[in-house]
Amino acid sequence: MSSLTTDEVATSLRRKGRWGLGEVLFWLAAAATLFFLPERHLILNEIAIIGLFAVSLDLILGYAGIVSLGHAAFFGVGAYVAGIFAKEMTGDPLTGLAVAGVAAALLGFATSFLVLRGADLTRLMVTLGVALVAGEIANQASWLTGGADGLQGIMMGPLLGMFEFDIFGTTAYAYSLVVLFVLFVVARRIVHSPFGLSLRSIRDNSLRARAVGIPVNRRLVAIYTISAAYAGIAGGLLAQTTQFVSLDVLAFHRSADVLLVLVIGGVGYLYGGLIGAVIFKVLQDILSSMTPQYWQFWIGLILVVLVLAGRERLTERARFLAGRLFGRSAGAPRTAPAREGRP
């Protein structure tokens, strides 16, 4: 009976892990922008980076139920490490990106034990505190980070020794898009594995998950570390493609913006971060060109409307159509459910 249940679960995970037609079309459309929107490569590069950052947060928020107000700590550490590595060691983009991801993962692993020592409100404060401490360290260590003046003098070498970074952002966008796709595929594989299934059970009811033998703390530490690495790589991409890093990468609004992206796109199905990133950056671009001084007001107003009206009711038909297009593998956007045994 146990073997039959295991086989059924494995079959279900394989079925959910299949690529749907909508997913294929989504990535084909993304690739097509390389050729059909050459004048928009700079903003598309930003969208790809924010999308990867949002995916990193969705891994812990949508699948493990860990709410964070300081996810910018890993983003900023990745950005600074990539920038310093390029300035002091070598300008090879791939090597620097790997170093940035490892550095952020180490910080995520070290702080994960603090994050696990409490419930949702405690975790919010701990994650916020980590980001604030990281920001102050970067500010005080001006001899290394440039402080308030920012880290300048970053020179990136050609990508794969062949493709120079140009002022139009074509190489940068292609680079960021490929990295986003590769890491998205890895994240997709993670969430549609037994490991991902155990994370969802922990999110829904950690006490019950612990009772059936799931090592809750180890699972949460693992996904928190992976999420930190993803955020660090996103920060590294920003540093490499802009060739500048400032204290802004560790600012609170970075964490708030990525949360807003997930509010817009939805949590718990990975594509929410990508869709939310597109909507957020397009709205920001349009509103800032219309009202440069008050675009944040309109973004905030849209967020209030989403909260008051209910994003689920506003996007019910869109979710249904997305489910038909993306198939079972993409799933439907969902909000994190209440978890028993937690305040």
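In what follows, every heavy atom counts, from backbone to side chain, and hydrogens, waters and symmetry copies are set aside.
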Requested in this report: Identify the residue among Tyr63, Phe109, Phe113, Phe74 that makes a ring-ring contact (aromatic ring centres under 6.0 Å, His included) with Tyr224.
Outcome: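 In the set Tyr63, Phe109, Phe113, Phe74, the residue that makes a ring-ring contact (aromatic ring centres under 6.0 Å, His included) with Tyr224 is Phe74.
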
Query - Residue that, paired with Phe184, satisfies ring-ring contact (aromatic ring centres under 6.0 Å, His included) out of Trp27, Tyr230, Tyr269 - result: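 Among Trp27, Tyr230, Tyr269, the one that satisfies the ring-ring contact (aromatic ring centres under 6.0 Å, His included) with Phe184 is Trp27.
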
[X] versus [Y]: any side-chain heavy-atom pair under 4.5 Å?
X	Y	result
Asp248	His253	yes
Thr111	Leu107	yes
Lys87	Leu144	no
Leu61	Ser68	no
Leu270	Leu274	no
Trp298	Ile286	no
Leu37	Glu39	yes
Arg123	Val67	no

Going only through I, L, V, M, F, W and Y residues with side-chain contacts under 4.5 Å, is there a path from [X] to [Y]?
X	Y	answer
Ile137	Phe85	no
Leu237	Leu159	yes
Ile190	Val102	no
Val221	Leu114	yes
Val178	Phe53	no

Requested in this report: Please step through side-chain contact (heavy atoms from CB on, under 4.5 Å) for the pair Thr145 and Leu151, ending with a clear verdict.
Outcome: CA-CA 5 Å; Thr145 64; Leu151 183 64; 5.6 Å; no

Requested in this report: Take Leu34 and Leu177 through the test side-chain contact (heavy atoms from CB on, under 4.5 Å) and record every step on the way to the result.
Outcome: CA-CA 9 Å; Leu34 279 168; Leu177 185 61; 4.2 Å; yes

If you look at every heavy atom in [X] and [Y], which pair is closest and at what distance?
X	Y	value
Ala138	Leu250	CB-CD1, 3.7 Å
His41	Thr33	NE2-O, 3.3 Å
Val258	Ser255	CG1-O, 3.1 Å
Ala222	Phe195	CB-CZ, 4.0 Å
Gly83	Ile154	CA-CD1, 3.6 Å
Pro158	Glu164	CG-OE2, 3.3 Å

Spell out, as yes or no, whether a donor-acceptor pair under 3.5 Å connects the side chain of [X] to the backbone of [Y].
X	Y	result
Thr95	Asp92	no
Ser227	Ser56	yes
Asn45	Thr241	no
Gln243	Met155	no
Tyr80	Val249	no
Arg210	Asn217	no
Arg203	Gly62	yes
Ser206	Ile202	no
Ser176	Tyr173	no

Taking atom [atom1] of [X] and atom [atom2] of [Y], what is their separation to the nearest 0.5 Å?
X	Y	atom1	atom2	result
Asp58	His71	CG	NE2	10.0 Å
Asp149	Leu247	CG	CG	9.0 Å
Leu259	Ile264	CG	CD1	11.5 Å
Leu220	Ile60	CG	CD1	10.0 Å
Ile66	Leu57	CD1	CG	10.5 Å
Ser112	Arg218	OG	CZ	13.5 Å

Report task. Run the numbers on Phe163 and Thr170 for side-chain contact (heavy atoms from CB on, under 4.5 Å), then give the verdict. Result -> CA-CA 10 Å; Phe163 305 102; Thr170 301; over 6 Å; no

Query raised in the report: What residues, two or more places apart in sequence or in another chain, satisfy side chain to side chain donor-acceptor pair (under 3.5 Å) together with Gln284?
Result: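 Gln284: side chain to side chain donor-acceptor pair (under 3.5 Å) contacts with Lys281.
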
Query - Worked check of side-chain contact (heavy atoms from CB on, under 4.5 Å) between Val191 and Arg200 - result: CA-CA 9 Å; Val191 301; Arg200 287 192 286 273; 4.3 Å; yes

Report task. Using a cut-off of 6.0 Å, state whether more than 12 heavy atoms not belonging to Met162 lie near its atom CE. Result ->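 Counting other residues, nucleotides and ligands, CE of Met162 exceeds 12 neighbours.
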
